[in-house]
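Note that ligands are numbered from 1 as they come in the structure, with each ligand's atoms numbered from 1 the same way.
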Amino acid sequence: MDSEQPKEIVLDGIAASPGVAHGSAFVILQKELEIPVYEIPVKQLEHEKERFEKALLEARRQIAEIRHEISGRLGENEARIFDAHIMVLEDRALIEETLREMEDTAYNVEYCFREVSNRFIEAFEALQDDYLKERVKDIEDVSRRVLQILLGQTQRNLMELVSERIIVSEDITPSEAASFDKRKILGVVTDSGSRTSHAVIMSRSLGVPAVVGLHNASEQLDNDDYILIDGYDGVVIINPSEETLFRYGELKSERQNIQRVFETSALLPATTADGHRLEIGANIGGPEDCDAALEHGAEGVGLYRTEALFMQQDTFPDEDEQYKAYSKVAEMLAPHPVILRTLDLGGDKHLSDFFVQNENNPFMGFRAIRFCLEHRDLFKDQLRAILRASASGNVKVMYPMISNAEELIAANLLLEEAKAECRAKGQKFDENIQVGTMIEIPGAAYICDLLAEHCQFFSIGTNDLIQYLLAVDRVNDRIAHLYEPNHPAVIRTLKMIIESANRHGIHVGICGEMAGDPIYVPLLFGLGANEISATGTVLPEIKYLIRKMKLADAQMLAQEVAKLTDPHAIHSALTKFYEAQMRGVLEQVD
Ligand code: PEP
Ligand code: MG
């Protein structure tokens, strides 16, 4: 019996979202297709043509089915891209040229079809017309589908996630993640990515484990392979043995028991053992995250990533649609504060494949506030929606990616225009709405004094700050080891920003993923931060920690860490402090 048990294979990656899960893999194929090439005897040519016809019909059937499903789930607008796919399939030129290629070369249909579609792709790519250039994606997509049918492979799409599975992919774009049926996801495994890629942030907000940076897991795994993922240590085990499953079962239940202890603190105030009340907010993507955030003990929203609503659809949501979402969040959280961050598109956050801007350095490109200041009408739609929502609760507005004071001043001017427009329509809003700036660009960190003149609060986005400070692309797995929150430059920069904010009487929070990793929480408060904001699921642990620690000790820790020069020494000082506070949690677990 034992000899039939397939061999267990262990893959090491980056732990991106905690938890243990096991189940069947759902592999989203992205890899290059291997196309065989061989000669077809003349008498078999007709048969080869028939294979081609059948594959085209099957592709048409698949596309029509997906179109129907998407139209039902996401609406007609989103479904329309599949009409373009059907048009490619019905393109006589593509079909006839493939048939001719088969006759002329006597090669197999896969090879001929690939050759012909590549020629079409090249011809379209060379065109000046942007609309026609965009058709390249349709041809690529359709050609891949037809080739996979010819090769007997099934093309998976995210909508086919009918049972609970672990998603395995080369990468998951934020817009793909937005279209998952989230109830069916047991865990996420990606070849690329790092702890701060947006797909990972979403996994964490769903509370499902994720392991990323596995380089080639999607090639090693096939659909329905049974796998186990350990999001604590960043390990994926293919074909886990009974013994492994048992061992991880024990680990999982131990972690669940610890989590239960943490949850006893969730609804208690975040007051340190020496009596200081600290502010703890949640990072959310929309109204759907609010119940969980409140259950986990959020006392406000420190970061509402408003782009999530934009990424769920192909068109920009209008002012009323935005107002509906924002005011719902404001109402659900009232009287707690809700910080609405204005649109932060760009980098790895695209509206859909059709809106991808071709830039060499998208993270340093036309994103966030840069995009908004050039699309003023769109930006003002959002500002008016935010202002109107401020009548329903305690709403603040915050701008992302500010790199100089001029951008902040320009954004504020548009906010004033939006206020005037609301006034003219008799719409209620908070006249004294507080304005904040994300500090996530090193240049902004150096001019906190100048920025402080034009806003009331700062929020430090450590995800981008670290990427720009260390010149490490936050989603590139090849250099993920260089993405180092314990780098002394990161600690010094955080200290500089927080001290400057304190000096200027500006409220300062941290909303990047560093704030969601409990080992950094004492450091951040010890440096003088007023607030941290993190994914809801981690808040009970953070509150438990805060209620155990003394702020005075955290301040001493911060002083000690600021003097250290070695990332390992910094990490071990922080871990030691964390473990000392958490001692005892295990005794409470039966
Ligand atoms: C950040 O950069 O730290 C941040 C919170 O913003 P985002 O992750 O959405 O870029
Ligand atoms: Mg950012």
Side-chain angles (χ1 to χ4, degrees), residues 16-17 172-175 177-178 193-205 210 212 280-286 289 293 300-311 338-351 361-372 396-403 407 436-445 457-476 480 483-485 487 490 493-494 497-498 508-517 520-521 524 529 531-536 538:
S17 175
I172 298 170
T173 64
S175 46
S194 67
R195 275 182 56 81
T196 58
S197 67
H198 290 281
V200 166
I201 293 171
M202 283 188 215
S203 306
R204 241 175 281 158
S205 74
V212 301
I280 307 293
N283 291 353
I284 64 162
D289 296 335
V301 165
L303 173 64
Y304 180 167
R305 287 186 166 95
T306 59
E307 54 278 4
L309 177 67
F310 288 68
M311 286 181 334
V338 174
I339 300 177
L340 273 133
R341 181 178 70 180
T342 59
L343 196 54
D344 184 13
L345 285 179
D348 67 339
K349 289 182 277 198
H350 311 300
L351 272 195
N361 286 306
F363 272 114
M364 293 202 275
F366 188 50
R367 58 173 289 205
I369 197 71
R370 302 166 182 185
F371 174 89
C372 287
K396 304 178 187 195
V397 58
M398 172 163 79
Y399 310 123
M401 291 285 295
I402 292 286
S403 66
E407 284 168 340
T437 299
M438 291 224 34
I439 306 289
E440 50 185 344
I441 295 181
F457 66 94
F458 291 154
S459 187
I460 308 177
T462 53
N463 305 340
D464 278 313
L465 185 64
I466 298 172
Q467 109 162 318
Y468 298 128
L469 202 54
L470 305 180
V472 180
D473 180 344
R474 67 193 254 191
V475 295
N476 184 341
Y483 189 93
E484 179 54 273
H487 193 300
V490 174
T493 309
L494 289 173
I497 300 169
I498 295 171
V508 57
I510 325 282
C511 64
E513 292 305 299
M514 256 179 112
D517 186 338
Y520 297 108
V521 170
L524 299 171
E531 177 209 318
I532 60 155
S533 186
T535 306
V538 78

CA sep, side-chain torsions, deciding dist, call: Leu470, Tyr483, side chain to side chain contact (heavy atoms under 4.5 Å, CB included)
CA-CA 7 Å; Leu470 305 180; Tyr483 189 93; over 6 Å; no

Apply the test side chain to side chain contact (heavy atoms under 4.5 Å, CB included) to residues Gln467 and Asp473: give CA-CA distance (whole Å), side-chain angles for both, the deciding distance (0.1 Å), then the verdict.
CA-CA 6 Å; Gln467 109 162 318; Asp473 180 344; 4.0 Å; yes

Looking only at distances, please establish whether an N/O atom of ligand 1 is found under 3.5 Å from an N/O atom of Glu440.
yes

Under-4.0 Å salt bridge between Arg305 and Asp289:
no

May I ask you to check whether Glu307 has an N/O atom sitting below 3.5 Å from an N/O atom of ligand 1?
no

Check each heavy atom of Glu513 against ligand 1 and say whether those closer than 4.0 Å belong to the side chain, the backbone, both or neither.
neither

Polar side-chain atom of Glu513 near backbone of Asn463 as donor-acceptor pair, under 3.5 Å
no

Provide the tally of protein N/O/S atoms nearer than 2.8 Å to the Mg ion (ligand 2).
2

Examine distances only and state if a side-chain atom of Arg370 and a backbone atom of Gly365 form a donor-acceptor pair shorter than 3.5 Å.
yes

Can you tell which of Met438, Arg341, Gln467 gets a heavy atom nearest to atom 6 (O) of ligand 1?
Arg341

Can you tell me which residue among Ile441, Ile497, Val490 is in a side-chain contact (heavy atoms from CB on, under 4.5 Å) with Leu465?
Ile497

side-chain contact (heavy atoms from CB on, under 4.5 Å) test vs Val301 passes for just one of Ile339, Val338, Leu340, namely Val338

Reported OH-to-CG distance for the pair Tyr468 and Asp464, which is rounded to 0.5 angstrom:
4.5 Å

Residue portion contacting ligand 1 (non-hydrogen atoms closer than 4.0 Å) for Asn283:
neither

Is the contact between Leu465 and ligand 1 made by the side chain, the backbone, both, or neither, using heavy atoms and a 4.0 Å cut-off?
neither

